[in-house]
Amino acid sequence: MAAIGKRGAVTEAAGFNAEADVQSLREAMKGTGTNEEAITKVLAHRTNAQRQRIKEAYKQSVGKDLADDLSSELSGNFRCVVLGLLMLAPVYDAYELKTAIKGAGTEEACLIDILASRTNAEIKTINELYKKQHGNTLEDAVCGDTSGMFQRVLVSLLTAGRDESDKVDEAQAVLDAKDIYEAGEARWGTDEVKFLTVLCVRNRNHLLRVFEEYQKISGRDIEDSIKREMSGCLEDVFLAIVKCIRDKTAFFAERLYKSMKGLGTTDSVLIRIMVARAEIDMLDIKAQFLKMYGKTLYSFIKGDTSGDYRTILLQLSGGE
């Protein structure tokens with residue numbers, strides 16, 4: 001029943017008792033009105049494995065699905081967070097991807113956030129779950145909703161074929177850097193396929209060497225070149241890949257910052273990252289956030305959200 005990661009703000013509750021938690025949740029939903037505070041107290045302080053046990057115990061003693069009951073009791077962003085917390089990590093990812101694709105328009109940010117940051121094993125599981133739940137493949141869904149080079153990058157990421165070894169081929173790294181340079185900065189127009197071949201296939205250590213070599217050859221950082229050479233979703237996905245290769249926690253810290261900066265809040269991004277990373281690397285994301293922006297993630301969430309939604313996010317952030 002271990003936690004998902006080693007650096008999560010949410011850790012196993014000591015003296016965990018699923019039946020007692022079920023009792024608390026039933027009390028919170030009884031009568032008129034709902035006690036959101038009691039729901040937060042339980043769900044934001046249990047690991048995903050513990051929440052699964054609570055779901056089982058609830059079904060056993062009530063004969064109903066906990067997610068269904070909570071769904072009918074709650075509303076708005078608070079409801080989104082709670083329902084997300086009740087799903088297993090890959091189930092939540094698959095659900096978010098389905099939500100991003102269905103309906104008018106596509107939330108490209110969701111496709112990028114998830115597919116650029118997950119491991120091969122995670123993507124394979126998401127693919128399997130998606131197929132099981134929806135009948136069609138995630139690749140078919142993505143292809144039906146995106147186009148051009150952006151679609152090709154997503155399809156490449158969906159194959160979950162990135163080399164995950166540690167080995168760096170020095171000669172190949174130099175060649176890769178040269179290929180990217182010649183496909184972009186050194187020519188009129190951009191050969192995006194070269195970028196795809198290197199950025200979606202090579203392992204992390206190798207790519208870090210490629211980025212160093214690229215800087216030497218071009219005199220620019222790879223991120224600057226991507227910004228100069230690409231635009232729109234294609235630029236976003238390639239930048240996300242580079243950032244995740246360099247430091248995944250910095251990537252998520254930046255996404256959180258941008259979701260709350262300025263007028264209004266992009267709640268879908270904020271919720272997705274807080275729910276998905278709470279138990280994996282939230283402590284590191286918080287540290288990066290402070291380092292990059294000079295303010296705590298806690299203070300940002302506090303200033304940008306309100307009510308029960310704010311309370312549960314603050315709990316998931318692990319406090320100041």
Side-chain angles (χ1 to χ4, degrees), residues 1-5 8-13 16 18 21-22 24-25 28-29 34 36 39-60 62 64-103 107 109-111 113-115 117-119 121-138 141 158 252 255 267-282 285 308-309 312-313 315-317:
M1 226 175 58
I4 298 170
V10 174
T11 52
E12 269 187 20
F16 171 66
D21 284 344
V22 166
S24 302
L25 291 169
M29 292 187 269
T34 311
E36 283 88 353
I39 292 169
T40 298
K41 204 170 164 187
V42 173
L43 299 181
H45 297 278
R46 304 291 182 271
T47 60
N48 199 298
Q50 290 176 328
R51 289 183 216 119
Q52 301 312 312
R53 295 262 302 269
I54 294 168
K55 274 166 70 177
E56 278 167 35
Y58 191 91
K59 194 168 254 182
Q60 232 170 1
V62 185
K64 286 173 82 182
D65 192 81
L66 175 59
D68 291 346
D69 279 1
L70 284 168
S71 185
S72 61
E73 291 281 333
L74 309 172
S75 62
N77 290 323
F78 179 69
R79 174 172 173 257
C80 292
V81 177
V82 167
L83 296 182
L85 289 173
L86 290 174
M87 295 179 206
L88 284 164
V91 175
Y92 183 57
D93 280 346
Y95 167 79
E96 283 288 292
L97 289 166
K98 176 71 179 169
T99 308
I101 292 167
K102 73 167 194 240
E107 195 209 332
C110 173
L111 301 180
D113 281 0
I114 293 175
L115 298 181
S117 66
R118 304 305 191 252
T119 63
E122 287 167 338
I123 290 175
K124 279 178 185 152
T125 309
I126 293 165
N127 277 325
E128 284 160 19
L129 279 165
Y130 195 95
K131 179 92 185 343
K132 211 155 109 186
Q133 285 173 328
H134 306 295
N136 65 330
T137 65
L138 181 49
L158 278 169
F252 286 122
R255 297 289 292 128
D267 294 296
S268 57
V269 175
L270 177 57
I271 293 169
R272 184 167 54 245
I273 297 173
M274 293 305 294
V275 169
R277 310 311 292 188
E279 205 181 320
I280 300 173
D281 49 8
M282 187 54 71
I285 292 170
D308 299 305
Y309 173 47
I312 199 163
L313 290 183
Q315 308 277 316
L316 292 176
S317 80

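Computed from a prediction, not measured in an experiment: that's the story for all the values here.
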With rounding to the nearest 0.5 Å, note down the distance linking [atom1] in [X] to [atom2] in [Y].
{"X": "R255", "Y": "L270", "atom1": "CZ", "atom2": "CG", "result": "11.0 Å"}
{"X": "R272", "Y": "L97", "atom1": "CZ", "atom2": "CG", "result": "8.5 Å"}
{"X": "I271", "Y": "N77", "atom1": "CD1", "atom2": "CG", "result": "4.0 Å"}
{"X": "Y309", "Y": "D267", "atom1": "OH", "atom2": "CG", "result": "3.5 Å"}
{"X": "L111", "Y": "E96", "atom1": "CG", "atom2": "CD", "result": "10.5 Å"}
{"X": "R51", "Y": "L88", "atom1": "CZ", "atom2": "CG", "result": "10.0 Å"}

Open item on the list: Please list all pairs meeting salt bridge (Lys or Arg N to Asp or Glu O under 4.0 Å) that have one or both residues in residues 75-84, counting only residues at least two apart or in different chains.
Closed with: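 Sorted result for residues 75-84: empty, none.
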
- [ ] Can you run down the salt bridge (Lys or Arg N to Asp or Glu O under 4.0 Å) pairs that involve residues 64-74, sequence neighbours left out, and say none if there aren't any?
- [x]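 Listed once each, the pairs are K59-D65, K64-D69.
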
With a 3.5 Å distance limit and no angle check, can you tell me whether [X] reaches the backbone of [Y] through a side-chain donor-acceptor pair?
{"X": "K55", "Y": "A67", "result": "no"}
{"X": "Q315", "Y": "T40", "result": "no"}
{"X": "N127", "Y": "L158", "result": "yes"}

Task: I114/Y92 under side chain to side chain contact (heavy atoms under 4.5 Å, CB included): CA gap, chis, key distance, verdict - done: CA-CA 11 Å; I114 293 175; Y92 183 57; over 6 Å; no

Of the non-hydrogen atoms in [X] and [Y], which two are nearest, and what is the gap between them?
{"X": "F78", "Y": "D308", "result": "CD1-O, 3.5 Å"}
{"X": "E12", "Y": "T47", "result": "N-CG2, 3.3 Å"}
{"X": "V22", "Y": "Y58", "result": "CG2-N, 3.6 Å"}
{"X": "K98", "Y": "Y130", "result": "CD-OH, 3.3 Å"}
{"X": "V10", "Y": "A44", "result": "CG2-O, 3.7 Å"}
{"X": "F252", "Y": "I285", "result": "CB-CD1, 3.7 Å"}

- [ ] Might you work through the side chain to side chain contact (heavy atoms under 4.5 Å, CB included) test for L85 and I312, ending with a clear yes or no?
- [x] CA-CA 11 Å; L85 289 173; I312 199 163; 4.0 Å; yes

Open item on the list: Holding to side chain to side chain donor-acceptor pair (under 3.5 Å), I want the full list of residues that pass it with S268, two or more places apart in sequence or in another chain.
Closed with: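 Listed in chain order: E107.
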
TODO: Would you please name every residue forming a side chain to side chain donor-acceptor pair (under 3.5 Å) with H134, sequence neighbours left out?
DONE: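 None.
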
Tell me if the [atom1] atom of [X] is crowded by more than 12 foreign heavy atoms within 6.0 Å.
{"X": "Q60", "atom1": "CD", "value": "no"}
{"X": "K131", "atom1": "NZ", "value": "no"}
{"X": "K41", "atom1": "NZ", "value": "no"}

Task: side-chain contact (heavy atoms from CB on, under 4.5 Å) partners of A13, counting only residues at least two apart - done: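 In terms of side-chain contact (heavy atoms from CB on, under 4.5 Å), with neighbours along the sequence ignored, A13 is linked to R46, Q50.
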
Task: Any side-chain heavy-atom pair of Q133 and V91 under 4.5 Å - done: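 Result yes, sub-4.5 Å side-chain heavy-atom pair found.
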
Open item on the list: Please determine whether side chain to side chain contact (heavy atoms under 4.5 Å, CB included) holds for the pair I39 and L74, giving the CA-CA distance in whole Å, both sets of side-chain angles, and the decisive distance to 0.1 Å.
Closed with: CA-CA 10 Å; I39 292 169; L74 309 172; 4.0 Å; yes

Open item on the list: Once salt bridge (Lys or Arg N to Asp or Glu O under 4.0 Å) is applied, do any residues pair with R118, and if so which ones, sequence neighbours excluded?
Closed with: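 Listed in chain order: D93.
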
Open item on the list: Determine whether V81 and M274 satisfy the following criterion, side chain to side chain contact (heavy atoms under 4.5 Å, CB included), listing intermediate values before the conclusion.
Closed with: CA-CA 9 Å; V81 177; M274 293 305 294; over 6 Å; no

